[in-house]
Visitor: 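I have a structure I would like to understand better, so I am pasting it below and will then ask my questions one at a time.
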2 protein chains.
Amino acid sequence: MDKIAVKTFFFAIGDYSRFSILAALLDKELRVSDIVSSTGIEQSNVSHHMVCLLNCGFVSARKEGKERIYGLNGEVRPIIRDIIGHIDKYKKDIISCNIADKDYIYRAIE
Amino acid sequence: MDKIAVKTFFFAIGDYSRFSILAALLDKELRVSDIVSSTGIEQSNVSHHMVCLLNCGFVSARKEGKERIYGLNGEVRPIIRDIIGHIDKYKKDIISCNIADKDYIYRAIE
DNA sequence: ATAACATATGAATGGCCATTCATATTTATA
DNA sequence: TATAAATATGAATGGCCATTCATATGTTAT
């Protein structure tokens with residue numbers, strides 16, 4: 001297991017905003033403004049995330065007039081689908097831990 | 001896409017230490033001391049991570065004497081294998097972005 | 001009962017980074 | 001050329017949480 005690769009992979013994909021963006025790009029290419037409207041993330045924030053996703057090789061971009069169109073790179077499509085599928089299938093169990101409610105994570109839940 | 005589920009999933013799996021632990025548990029159950037020696041993570045830190053992984057339903061535990069033995073829960077095995085496979089297959093590309101070297105992530109790489 | 005071993009718990013903190021706000025750049029149109 | 005639209009960039013910051021250290025708990029053996 002390559003540590004840098006693992007860290008980079010999860011850095012790119014493990015943030016909820018970036019994962020939402022990747023999920024939105026699964027089926028079709030999107031302009032920045034499309035990503036903004038479909039994810040609800042503010043424009044400059046989206047742009048920041050796109051830089052990150054570009055750097056990590058998850059997406060590619062091309063220009064069309066004043067718009068920039070982003071598309072998911074092919075190799076990542078299956079793993080993103082798999083992860084979405086897994087989370088969806090087991091969401092009941094995953095949610096049951098209610099981490100969001102905890103004030104501190106590293107604590108036994110009674 | 002359930003936001004809480006996605007966040008919880010990546011919280012549990014997206015940290016390098018926890019992912020290493022899960023990877024180490026893929027093939028066999030392990031005592032805490034085994035996890036310590038195979039991952040290099042310090043003991044109390046491992047215990048903290050195990051609480052987290054227990055809470056999120058990724059592992060189960062049983063006692064044997066003074067030892068505690070952790071095992072991966074069955075449903076997560078495939079997705080962890082998939083992710084490891086993906087990272088391994090594309091590590092060259094993933095590493096090429098060299099995020100670790102950057103002083104700031106959200107910046108175009110020339 | 002005490003020592004040694006295995007693991008868990010608690011509190012504290014320091015670094016990272018997601019977000020925000022302000023502004024720059026690029027392109028198109030009037 | 002001036003304006004507007006779309007996107008990118010830069011700097012700043014506040015919160016989260018991984019780690020560490022110290023210590024507690026539990027278990028076995030002597």
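Below, chain A is the first sequence line, B the second, and so on; all start at residue 1.
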Visitor: Just the rounded figure in Å: distance from P of dC16(D) to OH of Tyr16(A).
Guide: 18 Å

Visitor: Compute whether any side-chain donor of one residue and acceptor of the other, for His49(A) and Asn45(A), lie under 3.5 angstrom apart.
Guide: yes

Visitor: Applying ring-ring contact (aromatic ring centres under 6.0 Å, His included), which residue pairs with at least one partner in residues 27-47 of chain A are found, sequence neighbours left out?
Guide: none

Visitor: Checking contacts here: which listed nucleotide (dT19(D), dT26(C), dC17(D)) is nearest the side-chain heavy atoms of Lys63(A)?
Guide: dT26(C)

Visitor: Mark yes or no for whether Arg62(A), through its side chain, and Tyr70(A), through its backbone, hold a donor-acceptor pair below 3.5 Å.
Guide: no

Visitor: Once rounded to the nearest 0.5 Å, what's the spacing between atom SG of Cys56(A) and atom CG of Asn73(A)?
Guide: 11.0 Å

Visitor: Whole-Å distance between dC17(D) P and Asn45(B) CG?
Guide: 15 Å

Visitor: Given atom CG of Leu54(B) and atom C1' of dT7(C), what is their separation to the nearest angstrom?
Guide: 13 Å

Visitor: Rounded to whole Å, how long is the line connecting atom CZ of Phe10(B) with atom P of dC17(D)?
Guide: 15 Å

Visitor: Looking at the side chain of Glu42(A), which of dC21(C), dT27(D), dT26(C) is the nearest nucleotide?
Guide: dC21(C)

Visitor: Treat primed atoms plus P, OP1 and OP2 as sugar-phosphate and everything else as base, then score nucleotides 1-8 of chain D 5' to 3': B for base contact with protein heavy atoms under 4.0 Å, S for sugar-phosphate contact only, - for none.
Guide: ----BSBB

Visitor: Over how many whole Å does the gap from Asp15(B) atom CG to dC17(D) atom C1' extend?
Guide: 9 Å

Visitor: Can His48(A) be said to stack with the base of dT9(D), given centres closer than 5.5 angstrom and planes under 30 degrees apart?
Guide: yes

Visitor: Return each pair, listed once, that meets ring-ring contact (aromatic ring centres under 6.0 Å, His included) where at least one residue sits in residues 20-43 of chain B; pairs must be two or more places apart or across chains.
Guide: none

Visitor: Keeping Arg31(B) on the side-chain end and Ile69(B) on the backbone end, is there a donor-acceptor pair under 3.5 Å?
Guide: no

